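Note sheet for the following structure.
As the structure is a computational prediction, the values presented were derived from the model and not from experiment. Values below: every heavy atom of this structure, side chains too, minus hydrogens, waters and symmetry copies.
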Amino acid sequence: MLDNQPRGTICIEDLEIGMTRHIQKQITDRDIELFAEVSTDRNPVHLDDDYAKDTIFSGRIAHGMLTAGLISAVIGEQLPGHGTIYMGQTLKFMAPVRPGDTVLAEVAVADIDFAKRRVQLTCQCSVRDVVVLKGEATVLAPSKKFD
C-alpha cells in the first residue's frame, strides 16, 4: 500500500505539469453513517443491508460524494494544498465503493495558468485496480506573492 503523502502547501510558483499527490483511506460503516448524517442523504442503498441487497449493486455502497471528498482532501491538503480555492469539478462515477474498500485518491497537475493562478487537475479514485471515479478540477492555487 502507498502511504498518504505529506500535507501542506505547494504554491503555484512551485507547481509543475505532471506533479501528483495521493491519499488512501479505508471506507468504514462509520464513514458512511457520518456522511449520511452530515449530508442528510439517507438513501437506503447506503445504510440498509436488506434494501441494498435487492438493488443493482447487490449490497450497500458508499455515497459517491464521500468518495469524491477524498479528491477534495488531496487538493485541499496536498496539491496545491492549504489555501487552495475550488473553482469547479467534474466527476464520473465508474464503479461502486463498498464498506471496507480502501480507496486510493490521486490528483495530477494537467495545466497551469500562472497569470490567473488557475490550475487544472486530473482526478481519479480506485479500489485495487478498478477506477471507481474520475474527473477534472479547476482550482485557484495559493501564491508566494500573497503570503
Side-chain angles (χ1 to χ4, degrees), residues 1-47 52 55-57 59-147:
M1 281 189 139
L2 300 170
D3 292 330
N4 293 338
Q5 294 179 311
R7 296 176 184 232
T9 303
I10 304 172
C11 290
I12 194 162
E13 294 85 358
D14 297 322
L15 289 176
E16 297 175 7
I17 304 292
M19 191 176 276
T20 64
R21 293 293 184 273
H22 67 267
I23 63 168
Q24 276 195 143
K25 178 174 180 17
Q26 183 177 39
I27 302 301
T28 65
D29 287 327
R30 183 172 183 269
D31 294 327
I32 294 168
E33 291 162 7
L34 288 171
F35 191 86
E37 183 178 332
V38 169
S39 69
T40 72
D41 177 354
R42 293 182 176 85
N43 184 328
V45 75
H46 306 303
L47 302 168
T55 67
I56 62 169
F57 301 110
R60 285 191 313 116
I61 61 170
H63 301 74
M65 295 309 289
L66 172 56
T67 303
L70 299 177
I71 295 292
S72 178
V74 176
I75 291 170
E77 293 285 337
Q78 297 180 12
L79 185 65
H82 299 172
T84 300
I85 305 297
Y86 244 115
M87 299 180 73
Q89 175 81 57
T90 63
L91 299 169
K92 184 170 182 178
F93 299 97
M94 312 290 290
V97 173
R98 300 183 183 281
D101 282 349
T102 298
V103 177
L104 173 64
E106 301 173 284
V107 173
V109 176
D111 193 37
I112 306 168
D113 182 337
F114 290 98
K116 293 183 179 179
R117 292 179 38 215
R118 290 188 181 161
V119 181
Q120 293 292 124
L121 303 164
T122 58
C123 310
Q124 177 176 296
C125 290
S126 55
V127 174
R128 293 171 291 282
D129 293 329
V130 176
V131 175
V132 297
L133 176 157
K134 64 181 178 178
E136 296 180 350
T138 303
V139 301
L140 183 65
S143 171
K144 293 177 183 177
K145 296 176 187 175
F146 297 100
D147 284 347

Query raised in the report: Got more than 12 heavy atoms from elsewhere within 6.0 Å of CZ, Arg98?
Result: yes
With sequence neighbours left out, the residues meeting side chain to side chain contact (heavy atoms under 4.5 Å, CB included) with Leu140 are Ile85, Met87, Arg117
So OG1 of Thr122 and CG of Asp111: to nearest 0.5 Å the spacing works out to 11.0 Å
Sorted by chain and number, sequence neighbours left out, salt bridge (Lys or Arg N to Asp or Glu O under 4.0 Å) with Asp14 holds for Lys144
CG of Leu121 to CD of Gln89, rounded to nearest 0.5 Å, is 8.5 Å
Exercise for the section: Check the pair Glu106 / Thr20 against side chain to side chain contact (heavy atoms under 4.5 Å, CB included), numbers first and verdict last. Expected result: CA-CA 7 Å; Glu106 301 173 284; Thr20 64; over 6 Å; no
Is any side-chain heavy atom of Leu47 closer than 4.5 Å to a side-chain heavy atom of Arg42? yes
| query | Has the side chain of Asn43 got a donor or acceptor atom that lies under 3.5 Å from a matching backbone atom of Val45? | reply | yes
Tightest non-hydrogen contact, residues Ser143 and Cys11, listed as C-SG, 4.0 Å
When rounded to the nearest 0.5 Å, the distance separating SG of Cys125 from CD1 of Ile27 is 8.5 Å
By ring-ring contact (aromatic ring centres under 6.0 Å, His included), His46 pairs with (sequence neighbours left out) His63
Can you give me every donor-acceptor pair (side chain of residues 132-139, partner residue at least two apart or in another chain, under 3.5 Å) with its distance?
residue: Thr138; atom: OG1; partner: Gln120; partner atom: OE1; Å: 2.6
residue: Thr138; atom: OG1; partner: Gln120; partner atom: NE2; Å: 3.4

Those residues at least two apart in sequence (or on a different chain) that pass side chain to side chain contact (heavy atoms under 4.5 Å, CB included) with Arg30 are Thr28, Leu34
N/O donor-acceptor pairs under 3.5 Å from side chains in residues 66-77, not counting sequence neighbours:
residue: Glu77; atom: OE1; partner: His82; partner atom: NE2; Å: 2.9

Heavy-atom closest pair (Gly81 atom, Thr84 atom, distance to 0.1 Å) is O-OG1, 2.6 Å
Are side-chain heavy atoms of Leu15 and Leu79 found at a separation under 4.5 Å? yes
side-chain hydrogen bond (donor to acceptor under 3.5 Å, both in side chains) filter on Glu33, not counting sequence neighbours, yields none
Non-hydrogen side-chain atoms of Asp41 and Met65 separated by less than 4.5 Å: no
Salt bridge (Lys or Arg N to Asp or Glu O under 4.0 Å) filter on Asp31, not counting sequence neighbours, yields Lys25
Ile17 and Ala110 have their tightest heavy-atom pair at CD1-O, 3.5 Å
Those residues at least two apart in sequence (or on a different chain) that pass side-chain hydrogen bond (donor to acceptor under 3.5 Å, both in side chains) with Gln26 are none
side-chain hydrogen bond (donor to acceptor under 3.5 Å, both in side chains) filter on Asp29, not counting sequence neighbours, yields Arg60
